[in-house]
Amino acid sequence: FIGQGEKQEEIQEKIKEYELGSQVSLLGYQMNPYPLMKQSRAICMMSKNEGFPTVFAEGMSLGVPFISTPVGGVKELSDGGKCGRVVNSVEECAKAIEECVLNEEENRKMAEECLRHIRNFSLDEQIRQVEALIDEVTGD
């Protein structure tokens, strides 16, 4: 886990309860998380409420797919499941981990799709889309 928050003590207790100390690390706040993200096979976030999760766009630009609850923007980022999995339960999250983290071939495909799809969210592309909308409205 990268970051820290109000659930940190609860997470530490669960790690002890399920004896996951050798498999789960709490790394806390990281000034530059990108080298760690780049090593990841997926970024997982099970938030109940979230604005647009920039962390997924950052991960996608590194070729890292994501697993997320249906919070703001993830459906569009997922590109129909090619770049990430949108889940509604812990069971669906576990299945998504099996599919896109543990399956090397699927993970490779998703990483390639992330690098392709994230280009749609570049500043140049956003400007192009806004200009196209303006042209459509003004008839230019």
Q. What distance separates Met110 CE from Ile67 CD1, expressed to the nearest 0.5 Å?
A. 7.5 Å
**Q.** Separation of Lys95 NZ from Glu92 CD (nearest 0.5 Å)
**A.** 8.0 Å
Q.
With a 6.0 Å cut-off (strictly less than), is the heavy-atom count around CD of Glu9, excluding the residue itself, greater than 12?
A. no
Q. Do the non-hydrogen side-chain atoms of Ser68 and Pro53 ever get within less than 4.5 Å of each other?
A. no
Q) At what distance, to the nearest 0.5 angstrom, does OG of Ser40 lie from OH of Tyr34? A) 13.0 Å
Q: Taking all non-hydrogen atoms of both residues into account, name the closest pair between Asn107 and Cys100 and its distance.
A: ND2-O, 2.8 Å
Q) When clusters are formed by joining ILVMFWY residues with side-chain heavy atoms under 4.5 Å apart, either directly or through shared neighbours, do Val55 and Val101 land in the same one? A) no
Q: Would you check if the side chain of Thr69 reaches a backbone N or O of Ser47 as a donor-acceptor pair within less than 3.5 Å?
A: yes
Q) Salt bridge check: are Lys109 and Glu112 linked by an N-O gap of less than 4.0 Å? A) no
**Q.** Shared hydrophobic cluster, Met46 / Phe52 (ILVMFWY, side-chain heavy atoms < 4.5 Å)
**A.** no
Q. Should Met60 and Leu115 be counted in the same cluster of Ile, Leu, Val, Met, Phe, Trp and Tyr side chains packed under 4.5 Å apart?
A. no
Q | Nearest-0.5 Å distance, CG of residue Asp79 to CZ of residue Arg116 | A | 5.0 Å
(Q) For a salt bridge (Lys or Arg N to Asp or Glu O under 4.0 Å) check, start with the C-alpha distance between Glu13 and Lys16, then their side-chain angles and the critical distance, and finish with the verdict. (A) CA-CA 5 Å; Glu13 290 173 18; Lys16 287 179 187 173; over 6 Å; no
Q: Quick one: do Phe56 and Met45 satisfy side-chain contact (heavy atoms from CB on, under 4.5 Å)? Show the steps, please.
A: CA-CA 9 Å; Phe56 293 150; Met45 183 176 66; 3.6 Å; yes
Q: With sequence neighbours left out, write down each residue that passes ring-ring contact (aromatic ring centres under 6.0 Å, His included) with Phe121, or none if nothing qualifies.
A: His117
Q) Roughly how far, to the nearest 0.5 Å, is CZ of Arg85 from CD1 of Ile97? A) 12.0 Å
Q. Are Glu131 and Arg128 within salt-bridge range, i.e. N to O under 4.0 Å?
A. no
(Q) Tell me whether the count of non-hydrogen atoms from other residues, nucleotides or ligands lying under 6.0 Å of CD in Glu105 goes above 12. (A) yes
Q) More than 12 heavy atoms of other residues, nucleotides or ligands under 6.0 Å from CG of Asn32: is that the case? A) yes
Q. How long is the span from the CD atom in Gln30 to the CD atom in Gln4, to the nearest 0.5 Å?
A. 10.0 Å
Q) Any link between Ile118 and Ile43 through a network of hydrophobic side chains (Ile, Leu, Val, Met, Phe, Trp, Tyr) touching at under 4.5 Å? A) yes
Q: Any chance you could pull the hydrophobic cluster mates of Leu27, using side-chain heavy atoms under 4.5 angstrom and chaining through other members?
A: Ile2, Leu36
(Q) If you define the side chain from C-beta out and look only at heavy atoms, does anything of Val24 sit under 4.5 Å from Ile11? (A) no
Q: Please report the C-alpha distance between Leu102 and Glu98 in whole Å, then the side-chain angles of each, then the deciding distance to 0.1 Å, and finally whether the side-chain contact (heavy atoms from CB on, under 4.5 Å) criterion is met.
A: CA-CA 5 Å; Leu102 301 179; Glu98 287 179 13; 4.2 Å; yes
Q.
Do Tyr18 and Leu26 sit in one hydrophobic cluster, given that two such residues count as connected whenever their side-chain heavy atoms are within less than 4.5 Å of each other, even indirectly?
A. yes
Q) Tell me, do Cys83 and Leu77 make a side-chain contact under 4.5 Å, heavy atoms counted? A) no
(Q) Under 4.5 Å side-chain heavy-atom separation, chaining through any Ile, Leu, Val, Met, Phe, Trp or Tyr, what else clusters with Ile127? Say none if it is isolated. (A) Leu123
Q) Do Val64 and Cys114 have side-chain heavy atoms sitting under 4.5 Å apart? A) no
Q | Gln126 side chain to Asn120 backbone, donor-acceptor under 3.5 Å | A | yes
